[in-house]
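The structure appears right after this line, and notes come after that.
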Amino acid sequence: MPDKGAQIRPCNGMGGMAALYRKEMSDHIRSKRFLIVLGLILLTSCASIYGALTGLSDAVASDSSYIFLKLFTLSGSSIPSFTSFIALLGPFVGLSLGFDAINSERSEGTLNRLVAQPIYRDAVINGKFLAGATIIFLMVFSMGLIAGSVGLLATGVPPSAEEAGRVLVLLFFTSVYICFWLALSILCSVLCRHAATSAMIVFALFMTLVVSIVANALYPMGQAASAGQILDNYSCQMSLNRLSPYYLYSEAVSTIMNPMVRSTNIILPQQLSGAISGYLSLGQSCLLVWPHLTGLLALTAVVFAASYISFMRREIRSR
C-alpha cells in the first residue's frame with residue numbers, strides 16, 4: 001500500500017490540490033480494494049448482459065425497436081438488469097472509495113503530517129473528492145463500453161445515434177449518482193473517528209422504508225377511500241420518495257432507457273384522451289429527467305459542502 005504520509009512537493013494554490021489529486025489517484029489505483037470493486041462491477045455487468053441476451057429474442061419478437069437499449073434494461077430469469085445492478089451496487093462503490101478518506105489518515109497519524117505540507121488545507125478534502133470522482137467516471141464509462149461491446153458482438157446489431165446517446169446519458173447519470181454516495185461517505189469519514197463507525201452510519205441511511213408509513217399517516221387509506229384520497233396518498237409517497245437519490249436515479253434511468261415513457265408524474269385517464277402512442281426523442285426524454293439530474297447534483301453539492309465545512313473547522317491533532 002502507498003504511504004499516505006508521503007511527502008508532497010512544495011506548492012500552493014491549484015498546484016497543491018493537483019499534487020494531492022495525483023497522490024490520491026495513485027492510492028486508489030494501487031489499492032487492492034479498488035481492484036476488488038472493479039472486478040465485482042465488471043463481473044456483474046457481464047452477468048447482466050448475459051441475462052439480457054437470454055431474454056432478448058422474446059423481447060424483440062414483441063417489440064423490435066431499440067434493441068441495443070434492451071441489453072441494458074432486460075433481466076434474465078434470475079439475473080437483474082444492468083440498470084438494476086448499478087442502482088444497487090452504485091452506493092457500495094461510492095462508499096468503498098470514501099468511507100475512510102479522512103478518518104484512516106487520522107487514525108494512522110498521517111493527517112497532521114499531510115496538512116503540515118506547504119499546501120492549503122482545503123486541498124486535502126478537495127483532492128480526495130476529485131480523485132474519487134475521477135475514478136468513478138472512468139470506472140462507469142469503461143464498464144458501459146465493455147458491456148456495450150459484449151452486447152454488440154453477441155447480437156451483431158449496431159446502436160443508432162440516439163441509442164448511443166441514451167447510453168451515454170445513462171452512464172453520466174450513474175457517475176453523478178455514485179458521486180453522491182462518495183460525498184456522503186467522505187462526510188461520515190470526517191465526522192466519525194473510526195472507519196467502521198463511519199460505514200455503519202452510512203449504511204444506516206439506507207433505511208428509507210418509512211415513506212409509505214408517513215404517507216398513510218398524513219393521508220389515511222381506508223376501505224372506503226375515495227379517488228381523491230388515493231391520489232393524495234400516492235402523490236405524497238412520490239414526493240417523499242424523490243428525496244431519495246436511489247429513487248431519483250431509478251426514475252431517471254427508466255425514463256431515459258425507455259422512449260415510451262412520456263411523463264414522470266401522475267397521469268389521469270382523462271389526460272390520455274386523444275393522446276397518440278409513440279416514442280420520445282432523446283432531447284424530450286432529457287427534458288423529463290432534467291429535474292432529477294439537478295436534484296442529484298444539488299444533493300451531492302450540499303453533502304460535500306457539509307463535509308468541507310466540517311473538515312475546515314475540525315482541529316487536527318497528532319495521536
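The basis for the numbers below is simple: all heavy atoms, side chains too, and nothing from hydrogens, waters or symmetry mates. Along the sequence shown, the residues carry numbers beginning at 1.
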Please state whether the rings of Phe304 and Tyr308 are parallel, tilted or perpendicular, taking 30° and 60° as the class boundaries. tilted

Using modelled atom types only, decide if a donor and an acceptor are shared between the side chain of Ser310 and the backbone of Ala306 within a distance under 3.5 Å. no

Between Ser45 and Ile41 (side chain of the first, backbone of the second, donor and acceptor by atom type, cut-off under 3.5 Å), is there such a pair? yes

Report the distance from atom CE of Met257 to atom CG of Leu69, rounding to the nearest 0.5 Å. 4.5 Å

Any non-hydrogen side-chain atom of Ser307 less than 4.5 Å from a side-chain atom of Ile125? yes

Under a 3.5 Å distance rule, please check whether Ser254 uses its side chain to pair with a backbone N or O of Glu251 as donor and acceptor. yes

Shortest non-hydrogen separation from Leu42 to Met143 and the atoms involved: CD2-CA, 4.4 Å

Quick check: closest heavy atoms across Ser250 and Ala87, and the distance to 0.1 Å? OG-CB, 4.2 Å

Using a 4.5 Å cut-off on heavy atoms from C-beta on, say whether the side chain of Thr300 contacts that of Leu182. no

With heavy-atom distances below 4.5 Å as the criterion, would you say the side chains of Tyr177 and Val253 are in contact? no

Quick check for you: to the nearest 0.5 Å, what is the distance between His28 atom NE2 and Leu138 atom CG? 11.5 Å

pair Ile186-Phe311: side-chain heavy atoms closer than 4.5 Å: no

Side chains of Thr44 and Leu89: closer than 4.5 Å at any heavy-atom pair? yes

How long is the gap from CG on Leu187 to CD1 on Ile309, to the nearest 0.5 Å? 10.5 Å

So, for Cys179 and Phe137, which heavy atoms are closest and what is the spacing to 0.1 Å? SG-CE1, 3.9 Å

Looking at every non-hydrogen atom in both residues, tell me the closest pair between Phe180 and Pro245 and how far apart they are. CE2-CG, 3.2 Å

With heavy-atom distances below 4.5 Å as the criterion, would you say the side chains of Leu145 and Phe141 are in contact? no

Cluster question for you: counting only ILVMFWY and a side-chain heavy-atom cut-off of under 4.5 Å, with indirect links fine, are Trp181 and Leu40 together? yes

dist Cys46:SG -> Phe82:CZ (nearest 0.5 Å) comes out at 9.5 Å

Quick one: closest heavy-atom pair of Leu280 and Gln284, and the distance? CD2-OE1, 3.5 Å

For Glu24 and Ala131, indicate whether the former's side chain and the latter's backbone hold a donor-acceptor pair under 3.5 Å. no

May I ask you to check whether Thr174 and Tyr249 show a side-chain donor-acceptor distance below 3.5 Å? yes

Could you tell me if the side chain of Val37 sits less than 4.5 Å from the side chain of Leu97, heavy atoms only? no

Assess whether side-chain contact (heavy atoms from CB on, under 4.5 Å) is satisfied between Leu293 and Phe173, documenting all intermediate values. CA-CA 7 Å; Leu293 178 60; Phe173 258 97; 3.5 Å; yes

Let me confirm one number: the CG-CD1 distance from Leu153 to Ile49, rounded to the nearest 0.5 Å. 11.5 Å

Do Tyr50 and Leu88 land in one hydrophobic cluster if side-chain heavy atoms of ILVMFWY residues count as linked below 4.5 Å? yes

Under 4.5 Å between side-chain heavy atoms, counting indirect links through other Ile/Leu/Val/Met/Phe/Trp/Tyr residues: same cluster for Ile29 and Val93 or not? yes

Do you reckon Tyr247 sits in the same ILVMFWY cluster as Val302, going by side-chain contacts under 4.5 Å, direct or chained? no

Starting from Ile136, can I reach Ile36 by hopping between I/L/V/M/F/W/Y residues whose side chains sit under 4.5 Å apart? no

Side-chain contact test, heavy atoms from C-beta onward, threshold under 4.5 Å: evaluate it for Phe72 versus Ser81 and give yes or no. no

State whether the side chain of Glu162 and the backbone N or O of Leu282 hold a donor-acceptor pair below 3.5 Å, judged by distance alone. yes

Distance col, row Tyr66:OH vs Asn258:CG, nearest 0.5 angstrom, shows 10.0 Å

For the student: nearest non-hydrogen atoms of Thr255 and Arg166, plus distance: O-NH1, 4.1 Å

